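Numbers for residues simply follow the sequence, beginning at 1. Note that ligands are numbered from 1 as they come in the structure, with each ligand's atoms numbered from 1 the same way. These numbers were taken from a predicted model, which means no experiment stands behind them.
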Amino acid sequence: MYAPDVPNGRSPREIWEIARSHLRLQLPQSTYDTWVRDTVCVAHEDGAFVIGVSNAYARDWLHLRLRRMIKETLTSIVGHSVDVTFVVQTTPVQDGPERTPAPLLEMEPAVVPAPAEPLSGGSANLRSHYSFETFVVGPSNRMAHASAMAVAERPGVAYNPLFIYGGSGLGKTHLLQAIGKAVQANGHRVLYVTSEIFTNDLIEAIRSGSTDHFRAKYRSADVLLLDDVHFIAGKEQTQEEFFHTFNALHSANRQIVLTSDRAPQAIPTLEDRLRSRFAWGMITDIQPPNLETRVAILQTKAASLGKRVPDDVLLAIAQRAHRNIRDLEGALTKVIAHAELFQRPVSVAVVEDALAYLAPAQGKLTLETVLRSAADFFGVPLAELIGRNRSAKIALPRHVVMYVMREEVGASLQQIGQVLGRDHTTVMHGIERIASEMNRNPDLVQSVSALRNRLYEPVRVR
Ligand code: ADP
Ligand code: MG
């Protein structure tokens with residue numbers, strides 16, 4: 001199996017090993033373990049990597065769900081466009097115990113066994129990597145983190161239920177699992193499930209006439225952690241069953257923690273009776289992390305990979321990968337792999353090459369972009385933002401501009417002062433005002449977050 005078109009004479013098999021290590025960081029661990037971990041590169045033909053998997057189910061799943069991501073990952077490693085196909089290997093891919101793919105509703109539920117799961121040890125579905133210790137706290141997730149800690153310390157007492165929502169890759173599953181780990185260490189019976197698994201478990205229980213078993217399993221938990229609950233919205237029977245599970249647990253003072261990609265009121269097909277129950281306890285959100293938190297996360301991540309990455313490189317990565325933490329981790333892995341592959345020291349230049357696709361249009365964020373985007377966002381003329389007008393209507397947006405310049409661009413007080421025609425103490429007070437106001441005012445948090453997202457969109461012509 002020799003392929004002349006791969007860099008540095010690496011074999012396709014080695015390239016696939018590197019790709020797998022990228023994928024491990026980009027994918028939720030359960031997805032990686034189930035679908036990617038045991039794959040091998042069996043051939044490299046006509047520019048396409050042929051990946052061997054253990055059964056047809058896995059082959060179809062990879063083809064439908066991950067082919068694009070895998071293709072992009074391989075392309076970024078090899079440096080030119082490559083293709084990927086999946087084939088079933090008749091000989092076992094690895095020696096380990098036979099693995100059953102995770103259930104998936106869209107495909108035949110009949111192939112999915114629903115084993116009875118005792119609620120302790122590994123079978124509570126907890127992953128060791130996701131703990132409070134490895135969770136970096138910043139303004140974007142402080143409330144969610146504090147609520148999760150409170151629940152972990154006093155399950156069933158502090159907030160019940162706890163509902164955590166936020167965009168993809170921002171740490172919801174991580175927090176949920178961290179709660180699970182912590183309460184399990186205190187001797188509680190924990191059950192973590194995705195809503196997809198809950199749904200499939202239910203379907204299987206109904207099919208095999210074992211709903212009593214299903215109920216016993218879910219109602220015997222001291223702490224039920226249900227991930228991605230938006231998935232059950234619109235599924236009538238699943239919602240009905242979950243409603244009863246919820247009531248049984250809640251009335252027995254058992255803890256329920258839920259995550260979702262949206263707030264309960266923003267899930268249109270969620271039943272009202274569930275929506276109102278979700279509001280009984282605490283609803284908290286996670287926002288995209290600011291620059292400083294992103295750098296801190298990268299530091300932790302690099303350390304856990306045992307890699308020494310200079311601070312300017314971490315900063316350069318954090319400036320480019322801003323949307324969520326999964327992207328951020330993926331970007332770090334790409335940079336490290338790129339440097340290894342081309343035998344270059346990890347540097348800002350490597351970041352630029354490895355991550356060119358992340359910010360193709362706008363390059364690095366500038367203070368001017370912040371100023372223009374903020375003027376557009378708040379509907380305030382740019383001249384007013386840098387002018388002398390101190391009315392509240394202008395002062396608040398101006399302070400937000402200072403805050404975002406500091407948080408998102410990492411500019412110094414002097415640099416911000418120069419752009420806005422203020423001295424650095426004024427800038428400092430402006431930033432402090434926004435920071436403290438954000439602790440009290442969720443609307444302001446939303447505005448800052450919306451402005452931040454806008455910074456990375458193409459500038460609009462007005
Ligand atoms: P979500 O469930 O919101 O889609 P995940 O919990 O799967 O996101 O997080 C995506 C990745 O980012 C995971 O590898 C997780 O460990 C990491 N991550 C998220 N938030 C943090 C954080 N605050 N500190 C460290 N790692 C984080
Ligand atoms: Mg998740």
Side-chain angles (χ1 to χ4, degrees), residues 20-37 65-66 69 102 104 125-149 152 162-182 192-199 225-232 257-263 266-267 283-305 307 309 314 317-318 321-334 336 407 449:
R20 279 202 325 189
S21 68
H22 283 210
L23 293 164
R24 188 162 65 83
L25 289 163
Q26 290 175 64
L27 293 166
Q29 185 160 358
S30 53
T31 308
Y32 175 82
D33 284 349
T34 310
W35 307 108
V36 181
R37 197 186 69 181
R65 298 297 188 88
L66 290 183
M69 183 193 258
L104 195 79
N125 299 334
L126 300 176
R127 314 271 157 186
S128 60
H129 162 69
Y130 291 147
S131 65
F132 283 121
E133 289 76 41
T134 57
F135 191 83
V136 177
V137 183
S140 55
N141 58 27
R142 182 161 288 126
M143 274 299 287
H145 175 259
S147 317
M149 292 278 276
L162 171 62
F163 189 102
I164 302 172
Y165 71 93
S168 165
L170 294 180
K172 302 182 297 294
T173 297
H174 190 137
L175 271 186
L176 201 57
Q177 294 249 336
I179 295 173
K181 254 190 98 182
Y192 165 92
V193 275
T194 65
S195 299
E196 204 170 5
I197 290 177
F198 181 88
T199 304
L225 308 167
L226 189 65
D227 211 354
D228 295 326
V229 74
H230 54 267
F231 181 86
I232 70 166
V257 188
L258 308 150
T259 72
S260 160
D261 65 352
R262 273 158 293 166
I267 311 176
I283 299 180
T284 177
D285 68 338
I286 304 189
Q287 295 287 332
N290 65 20
L291 184 69
E292 194 186 351
T293 310
R294 298 203 296 275
V295 171
I297 290 171
L298 286 174
Q299 274 161 348
T300 319
K301 197 76 212 170
S304 79
L305 293 172
K307 303 282 178 197
V309 182
L314 295 180
I317 297 173
H322 54 84
R323 264 192 324 160
N324 65 50
I325 297 165
R326 195 171 294 130
D327 284 1
L328 190 67
E329 292 182 342
L332 175 66
T333 327
K334 283 207 173 80
I336 292 173
E407 293 284 303
S449 165

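For the 3.5 Å distance criterion, the side chains of Glu196 and Thr194 fail to qualify, holding no donor opposite an acceptor.
Contacts classified as side-chain hydrogen bond (donor to acceptor under 3.5 Å, both in side chains) and involving residues 164-174 (residues at least two apart or in different chains) are given here: Thr134-His174, Ser168-Arg326, Thr173-Asp227.
Of all heavy-atom pairs spanning Leu332 and Ala302, the tightest one is CD2-N, 3.8 Å. Contact between Leu328 and Ala318 at its shortest, heavy atoms only, is CD1-CA, 4.0 Å.
Under a 3.5 Å cut-off, the side chain of Ser131 and the backbone N or O of Ala178 do not form any donor-acceptor pair.
For the pairing with Leu176, the side chain to side chain contact (heavy atoms under 4.5 Å, CB included) check across Leu225, Leu226, Leu258 returns one residue only, Leu225.
The Mg ion (ligand 2) has Thr173 OG1 as protein N, O or S atoms under 2.8 Å away.
Residues that satisfy the side-chain hydrogen bond (donor to acceptor under 3.5 Å, both in side chains) test with Gln287, not counting sequence neighbours, are Asp285, Ser449.
More than 12 heavy atoms of other residues, nucleotides or ligands sit less than 6.0 Å from atom CE of Met69.
The contact shell of ligand 1, taken as protein residues with any non-hydrogen atom closer than 4.0 angstrom, comprises His129, Tyr130, Thr134, Phe135, Val136, Asn141, Gly167, Ser168, Gly169, Leu170, Gly171, Lys172, Thr173, His174, Ile297, Ile325, Arg326, Glu329.
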(message) side-chain contact (heavy atoms from CB on, under 4.5 Å), that's the test. Do Phe135 and Asn141 meet it? Break it down for me.
(response) CA-CA 10 Å; Phe135 191 83; Asn141 58 27; 3.5 Å; yes
